[in-house]
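Quick notes on the structure that follows.
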Amino acid sequence: ENWGVVSGGSTATHILSVINNDETNELVTTIKDLNVVGHAQTKAGVLAFGPGAKVALENVDIQNCGTVGVQVNSAT
């Protein structure tokens with residue numbers, strides 16, 4: 001419950017991140033049966049970042065994140 005602020009920003013970090021910059025990656029990260037509960041100062045509940053970050057969500061509930069539930073940057 002005590003999230004620190006990153007680099008002078010107004011929000012803290014993402015709760016769960018999948019990061020892969022290898023665009024030739026064929027693997028898929030599956031996140032399932034998970035309940036993510038954030039608060040006003042969290043960023044994304046789940047972040048997928050990079051061209052190799054392939055993410056599947058199954059039975060995932062994300063609540064109360066300050067910025068967004070799921071954030072996808074250059075990923076699928």
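The structure presented is a predicted model; accordingly, all values stated were derived computationally and were not measured. For the numbers below, each heavy atom of this structure counts, side chains included, while hydrogens, waters and symmetry mates do not.
- A distance-only check finds a donor-acceptor pair linking the side chain of His39 to the backbone of Gln41 [under 3.5 Å].
- To the nearest 0.5 Å, atom CD1 of residue Ile19 and atom CG of residue Asp22 are 14.0 Å apart.
- The side chain to side chain contact (heavy atoms under 4.5 Å, CB included) search around Asn73 returns Leu47, Phe49, Gln71, not counting sequence neighbours.
- A donor-acceptor contact closer than 3.5 angstrom is absent between the side chains of Asn25 and Glu23.
- A distance of 4.5 Å separates CG of Asp61 from CG of Asn35, quoted to the nearest 0.5 Å.
- With contacts defined as side-chain heavy-atom distances shorter than 4.5 Å, the pair Thr30/Glu58 qualifies.
- No continuous path of ILVMFWY side-chain contacts below 4.5 Å connects Val18 to Val68, so the two sit in separate hydrophobic clusters.
- Here the side chains of Leu57 and Val70 are in contact, with some heavy-atom distance below 4.5 Å.
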inquiry  = Could you walk me through whether Val46 and Ile62 satisfy the side-chain contact (heavy atoms from CB on, under 4.5 Å) test, starting with their C-alpha distance in whole Å, then the side-chain angles of each, then the deciding distance to 0.1 Å, before giving a yes or no?
reply    = CA-CA 8 Å; Val46 175; Ile62 303 170; 3.7 Å; yes
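- In this structure, CD1 in Ile15 is found 9.5 Å from CG in Leu34, a value given to the nearest 0.5 Å.
- The two residues Ala44 and Cys65 come nearest to each other via the heavy atoms C-SG, 4.3 Å.
- With sequence neighbours left out, Asn59 forms a side chain to side chain contact (heavy atoms under 4.5 Å, CB included) with Asp33.
- Between Val55 and Val28 the shortest side-chain heavy-atom distance does not fall below 4.5 Å.
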